[in-house]
Amino acid sequence: MTTGADAMSSLEQARDSIARAHSVAVLTGAGVSAESGIPTFRGAGGLWKTFRAEDLATPEAFARDPRLVWEWYDWRRGIIAKAAPNPAHHALVQLEKTKREFTLVTQNVDGLHDLAGSGRMLKLHGDIWRMRCTECGANWPDRRTPLPKLPPHCGCGGMARPGVVWFGEPLPEGMMQEAEHAVSSAQVFLVVGTSAVVYPAAGLVPYAKRNGVTVVEINLEVTPFSEMVDFAFSAPAGELLPQLV
Ligand code: APR
């Protein structure tokens, strides 16, 4: 961990590693959007403190009560629709511009990285602004909030589901392999605002270390990987990221 007197020198070192790298990968989590006013899942004020993931973010919950699940997603869509990208999102866009190779791997479904202007992105957990038909598999964008009718339906008559990945579901095909490739070929891997407890995404951190990649973590709290990474900064992403890149 980096604290007190060390902070300046570690910041300089991490900044130098990032500046010298021509290939950078980034993993973001809900903490990156916290300063935009979007609640995180864990940590202080996290959604999973009030709601049970088993009731709202699993295929079983949706099969049991699609309307309840959709009400929760409709509520979250309403919060996200009012949010704007913060300096952390913007700093990642700037970083991407300066690197020959850059991949942003995100667990966030809120679309704020898109709004900020990030380009090469792997959305491991999908996108809350997309819908998928449970019958015909059609997949389409829908930014209406609130939705006029819950649950929404597809043109084919089938029920739509949120275009996100729920607990117990596989990630979009091939995406994790692409993320691993991006991480292992990077010189620096930034891990920002994720509690790093949800797999397979969290596995990218030890994977980076095994591949000799310099890992820089930014989080308000200690995570399971804070001890293992090269630099662990305890700071708000919206303040620290612009200083680092
Ligand atoms: N700056 C940096 N870190 C922050 C900030 C901030 N301003 N605010 C909160 N954090 C940190 C918290 O300390 C916490 O460790 O961000 C982390 C957010 O963790 P989670 O809420 O667990 O979010 P995430 O890691 O993205 O969750 C993974 O879990 O429920 C699922 O599908 C959901 O994609 C999500 C997955």
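Model, not experiment: these values are computed from the prediction. Scope of the values below: all heavy atoms of this structure, side chains included, with no hydrogens, waters or symmetry mates. Read the numbers this way: they start at 1 and go in the same order the structure lists the ligands and their atoms.
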Residue, atom name and distance, where the atom is the protein heavy atom closest to atom 23 (O) of ligand 1: A30 CB, 3.4 Å

For F233 and F231, take the angle between the two ring planes, folded into 0 to 90°, and tell me which bin it lands in: parallel under 30, tilted 30 to 60, perpendicular over 60. parallel

For atom 15 (O) of ligand 1, what's the nearest protein heavy atom and its distance? N219 ND2, 3.0 Å

For ligand 1, which atoms have a heavy atom of E221 less than 4.0 angstrom away? 13 (O)

Looking only at protein heavy atoms, which one is nearest to atom 32 (O) of ligand 1, and what is the separation? H125 ND1, 3.6 Å

Can you tell me how far apart CG (L190) and CG (L244) are? Round to the nearest 0.5 Å. 7.0 Å

Passing candidate, ring-ring contact (aromatic ring centres under 6.0 Å, His included) with F62, options Y73, W166, W72, F167: W166

Parallel, tilted or perpendicular: ring planes of F51 versus W75, cut at 30 and 60 degrees: tilted

Tell me whether P236 has any N or O atom under 3.5 angstrom from an N or O of ligand 1. no

Proximal atoms of ligand 1 relative to G29 (non-hydrogen, under 4.0 Å): 26 (O)

Could you list which atoms of ligand 1 come closer than 4.0 Å to a heavy atom of A235? 1 (N), 2 (C)

How long is the straight-line distance from OG1 of T28 back to CG of L92, given to the nearest 0.5 Å? 7.0 Å

If we only count N/O pairs under 3.5 Å, is T223 in contact with ligand 1? no

Around atom NZ of K82, are there more than 12 heavy atoms of other residues, nucleotides or ligands at under 6.0 Å? no

Protein contact to atom 2 (C) of ligand 1 [nearest heavy atom, distance to 0.1 Å]: A237 N, 3.5 Å

Identity and distance of the protein heavy atom lying nearest atom 10 (N) of ligand 1: G31 CA, 3.6 Å

Quick check on contacts: which atoms of ligand 1 are under 4.0 angstrom from a heavy atom of F167? 30 (O), 31 (C)

Please check: side-chain N/O of R67 versus main-chain N/O of L150, any donor-acceptor pairing under 3.5 Å? yes

What part of T194, side chain, backbone, both or neither, has a heavy atom within less than 4.0 angstrom of ligand 1? both

Among protein heavy atoms, which lies nearest atom 33 (C) of ligand 1, and at what distance? F41 CE1, 3.6 Å

Ligand 1 atoms nearer than 4.0 angstrom to some heavy atom of S195 are 15 (O), 17 (C), 18 (C), 19 (O), 20 (P), 22 (O), 25 (O)

Atom indices of ligand 1, in the order listed, that fall short of 4.0 Å to a heavy atom of G193: 3 (N), 16 (O), 17 (C), 18 (C)

Taking the minimum heavy-atom distance to atom 30 (O) of ligand 1, which of W48, Y199, W166, F233 ranks first? W48

Nearest protein heavy atom to atom 28 (C) of ligand 1, by residue and atom, and its distance? Q107 OE1, 3.3 Å

For the NE2 atom on H153, are there more than 12 heavy atoms of other groups (residues, nucleotides or ligands in this structure) within a distance under 6.0 Å? yes

Rounded to the nearest 0.5 Å, the CG atom of L115 sits from the NE2 atom of H90 at a distance of 9.0 Å

Verify the distance criterion only: is there a donor paired with an acceptor across the side chains of S17 and Q187 at less than 3.5 Å? no

About how many Å separate CD of Q107 and NE2 of H125, when rounded to the nearest 0.5 Å? 5.0 Å

Output the list of atoms in ligand 1 that are nearer than 4.0 Å to some heavy atom of E35, sorted by atom number. 1 (N), 6 (C), 7 (N)

To the closest 0.5 Å, what do you measure between NZ (K99) and CD1 (I18)? 8.0 Å

Specify the protein heavy atom at minimum distance from atom 27 (O) of ligand 1: its residue, its atom name, and the distance to 0.1 Å. R42 NH1, 3.2 Å

Which of the numbered atoms in ligand 1 are below 4.0 angstrom from a heavy atom of A34? 8 (N)

